[in-house]
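These figures come from a predicted structure and were not determined experimentally.
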Number of protein chains: 2
Amino acid sequence: MKKSDQNNTITIGQVSKIKQISAYTLRYYDKQGLLPKVIRDKNGTRHFTNEDLQWLDMIKCLKNTGMNLEEIKVFVDSTYQGATTLVARIDLLKRQQDVIKETILEQQKYMDQINAKIDVLNKELISVENGKSETNK
Amino acid sequence: MKKSDQNNTITIGQVSKIKQISAYTLRYYDKQGLLPKVIRDKNGTRHFTNEDLQWLDMIKCLKNTGMNLEEIKVFVDSTYQGATTLVARIDLLKRQQDVIKETILEQQKYMDQINAKIDVLNKELISVENGKSETNK
DNA sequence: ATAAACCTTAGAGATTACTCTAAGTCAAGT
DNA sequence: ACTTGACTTAGAGTAATCTCTAAGGTTTAT
């Protein structure tokens, strides 16, 4: 155990491995204000707590459901403004759930579209196999 | 009806309106080889057929399910290579369906995660409303 | 015949989200 | 003491996907 290890915190390299996010990206997120609670030691080295890791999960969730970093920052800032923004934050999350619902419906629609295309191509394939066509159809 | 209208084709501006894609983007797609069948008149003006519009739907489908333009071009090129690539194209579409399935599962996971977060925030809200906290929690 | 409203091109610029480089600091191990 | 390896910063570079500009051509209506 390194001398610098303390209070159950881990450094950026360890976070990178655990969360499969490059240290570059983590620093970038920090620079963009997405990780305001990450503490620094006297050398400036970041020390991530479990809470910070949970934040990363939340950021990943919002990002992968279509929110860009600027919008995520609004949520982060809102969180650190405290209890007065609770209702706004709950609303924001509910709207994001609506986004997810739409995404799922959209993806299902695309699934159907590809199914239809596969059917068309399969018919073409059978037609070719039966020698009904000598040229490209 | 304009003199140039013929054979049920429409120009890029009309496609733009109908498909809600900017003419810039359509030209960009064409430049990238995603629209190889669009015909030109003697002035170089593009004339889109119904088949081209269907292609645009397919491109949109593949793009919005996570495929990048380079990968889409592989599919487009493959299509214009004719019947010898039918099996490969069907496989590609089936793999894309797998991608969609994963996307939907992932999105549902994020939905759950946000639900959990909303629960936490709602409890915080109730706590604040009951005056159990004077400071930011 | 001239204006309006289209279309064309090549290539520059914008945006987002990284990704990396250079130069340097610090702590641990031998 | 020195090497190794992890960390730091500011800022440059990259990739993908547009998005626009400048300069110009064609068609249609008045």
Partners meeting side-chain contact (heavy atoms from CB on, under 4.5 Å) with [X] (sequence neighbours left out):
{"X": "B/Thr49", "answer": "B/Thr9, B/Glu51, B/Asp52"}
{"X": "B/Asn50", "answer": "B/Leu53, B/Gln54"}
{"X": "A/Gln108", "answer": "A/Ile104, A/Leu105, B/Ile104"}

Residue pairs passing the side chain to side chain donor-acceptor pair (under 3.5 Å) test with at least one member in residues 96-105 of chain B, sequence neighbours excluded, are A/Asn115-B/Gln97, B/Thr65-B/Gln96
I need the [atom1]-[atom2] distance between [X] and [N], as an integer number of Å.
{"X": "A/Leu26", "N": "D/dT9", "atom1": "CG", "atom2": "C1'", "value": "16 Å"}
{"X": "A/Ile12", "N": "D/dA6", "atom1": "CD1", "atom2": "P", "value": "13 Å"}
{"X": "A/Ile72", "N": "C/dA17", "atom1": "CD1", "atom2": "C1'", "value": "11 Å"}
{"X": "B/Gln32", "N": "D/dA16", "atom1": "CD", "atom2": "P", "value": "10 Å"}
{"X": "B/Leu35", "N": "C/dT8", "atom1": "CG", "atom2": "C1'", "value": "16 Å"}

With the side chain defined as heavy atoms from C-beta on, B/Thr45 is closest, among D/dA6, C/dC18, C/dT8, to C/dT8
Of the candidates C/dC26, D/dC18, C/dC18, the side chain of A/Asn43 sits closest to C/dC26
Residue pairs passing the salt bridge (charged side-chain N to carboxylate O under 4.0 Å, His left out) test with at least one member in residues 66-82 of chain A, sequence neighbours excluded, are A/Lys73-A/Asp77
Residues that [X] engages under side-chain hydrogen bond (donor to acceptor under 3.5 Å, both in side chains), provided they are two or more places apart:
{"X": "B/Ser16", "value": "none"}
{"X": "A/Thr45", "value": "none"}
{"X": "B/Asp57", "value": "B/Lys19"}

Residues at least two apart in sequence or cross-chain that pass ring-ring contact (aromatic ring centres under 6.0 Å, His included) with B/Tyr110, listed by chain then number, are none
Heavy-atom nearest nucleotide on DNA chain D taken for B/Lys42 and for B/Tyr28; more 5' hit belongs to B/Tyr28
Test item: A/Trp55 and A/Val76 side chains (from C-beta on) under 4.5 Å apart, heavy atoms: yes
Note to self: With heavy-atom distances below 4.5 Å as the criterion, would you say the side chains of A/Val87 and B/Leu125 are in contact?
What the structure shows: yes
What residues 60-70 of chain B contributes to the DNA chain C interface at heavy-atom separation below 4.0 Å is none
Considering only nitrogen or oxygen atoms on both sides, find all protein atoms under 3.5 Å from nucleotides 9-12 of chain C and state each distance.
unit_1: C/dT9; atom_1: OP1; unit_2: B/Arg40; atom_2: NH1; d: 2.9
unit_1: C/dT9; atom_1: OP1; unit_2: B/Arg40; atom_2: NH2; d: 3.1
unit_1: C/dT9; atom_1: OP2; unit_2: B/Arg46; atom_2: NH1; d: 3.3
unit_1: C/dT9; atom_1: OP2; unit_2: B/Arg46; atom_2: NH2; d: 3.0

Verify the contact: side-chain N or O of A/Thr11 to OP1 or OP2 of D/dA6, cut-off strictly under 4.0 Å; return yes or no. no
Ordered by number, residues from residues 17-25 of chain B within less than 4.0 Å of DNA chain D (heavy atoms) are B/Tyr24, B/Thr25
